[in-house]
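We number each residue from 1, following the sequence as shown. Quantities reported herein were computed from a predicted structural model and do not represent experimental measurements.
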Amino acid sequence: MQPLELFLEVVRSSKELPADVRLHVDEASGVGETCFDESYIAFLDEQIQLSPRGPEWAEILKRRREILLPFCNITLVSGQIRSGGFIHLIKIDPKTKTIVNWEQAEYSDQP
C-alpha cells in the first residue's frame, strides 16, 4: 500500500482524531515515509533540557519523545492536515496501520 493511500485509510477510520480532521483528510499534505534515528531523540532531550519555548512546550516534547522512542529506526508514514485554525501532525505505523502519534498546533495563513 502506498503511503498516501495508507494515510487516508487510517485517518478516515480513526476514532481518536477529531471529526473535523477526518473530514479534511483529502486535503492532507506532506504525506510520506519518514524514519528517524537516535540523533532525533538526543535533539529532543536537548530541547527538553533547554526549554527554549517554555515549560508547556517542554512537556509536549517529553510526550513526543516517550511515544516515538520505540519507533526509532522504524519507517513511519507521516502527514499533516489543516482544519479549524490548526495543523494536525500525524504519524502512522504502516505495519499495524495505527496512529502512533498526533499533535496539533495553531497556524495562520498570514505572512
Report the distance from atom CZ of Phe43 to atom CG of Asp37, rounding to the nearest 0.5 Å. 13.0 Å
First locate atom OG of Ser39, then atom CD of Glu46, and finally report the distance between them rounded to the nearest 0.5 Å. 11.5 Å
For [X] versus [Y], what's the shortest heavy-atom pair and its separation?
{"X": "Ser78", "Y": "Phe7", "answer": "C-CE1, 4.1 Å"}
{"X": "Trp102", "Y": "Arg63", "answer": "O-NH1, 3.9 Å"}
{"X": "Pro3", "Y": "Gly32", "answer": "CB-CA, 4.2 Å"}

Hey, are the side chains of [X] and [Y] touching, using non-hydrogen atoms and a 4.5 Å cut-off?
{"X": "Arg53", "Y": "Gln47", "result": "no"}
{"X": "Asn101", "Y": "Ile92", "result": "no"}
{"X": "Gln104", "Y": "His88", "result": "yes"}
{"X": "Lys91", "Y": "Thr34", "result": "yes"}

Look only at the side chain of Ser14 and the backbone of Val10, and say whether a donor-acceptor pair between them is shorter than 3.5 Å. no
Given 3.5 Å as the limit, does a donor-acceptor pair link the side chain of Arg22 with the main chain of Leu17, or not? yes
Considering only Ile, Leu, Val, Met, Phe, Trp and Tyr, and joining two whenever side-chain heavy atoms are under 4.5 Å apart, list the other residues clustered with Leu50. none
Under 6.0 Å from the CD atom of Glu27, do we count more than 12 heavy atoms belonging to anything else shown? yes
Around atom CD of Glu16, are there more than 12 heavy atoms from other residues, nucleotides or ligands closer than 6.0 Å? yes
What do the steps show when you test Arg82 against Asp20 for salt bridge (Lys or Arg N to Asp or Glu O under 4.0 Å), and what is the final call? CA-CA 9 Å; Arg82 291 184 179 199; Asp20 192 47; over 6 Å; no
Connected via hydrophobic side-chain network under 4.5 Å: [X] and [Y]:
{"X": "Val100", "Y": "Ile60", "answer": "yes"}
{"X": "Leu4", "Y": "Val21", "answer": "yes"}
{"X": "Tyr107", "Y": "Ile81", "answer": "no"}

Before you tell me yes or no, could you show the steps for Ile41 and Phe36 under side-chain contact (heavy atoms from CB on, under 4.5 Å), namely the whole-Å CA-CA distance, both residues' side-chain angles and the distance that decides it to 0.1 Å? CA-CA 8 Å; Ile41 300 301; Phe36 59 89; 4.0 Å; yes
Applying side-chain contact (heavy atoms from CB on, under 4.5 Å), run through Lys97 and Leu6 and close with a yes or a no. CA-CA 7 Å; Lys97 295 185 178 180; Leu6 173 74; 3.6 Å; yes
Under 3.5 Å, is there a donor-acceptor pair linking the side chains of Asp93 and Thr98? no
Distance-only criterion, 3.5 Å: show the donor-acceptor pairs between side-chain atoms of residues 64-77 and protein atoms not counting sequence neighbours.
unit_1, atom_1, unit_2, atom_2, d
Arg64, NE, Glu103, OE1, 3.4
Arg64, NE, Glu103, OE2, 2.8
Arg64, NH1, Tyr40, OH, 3.3
Arg64, NH2, Glu103, OE1, 2.6
Arg65, NE, Asp45, OD1, 2.4
Asn73, ND2, Glu38, OE2, 2.9

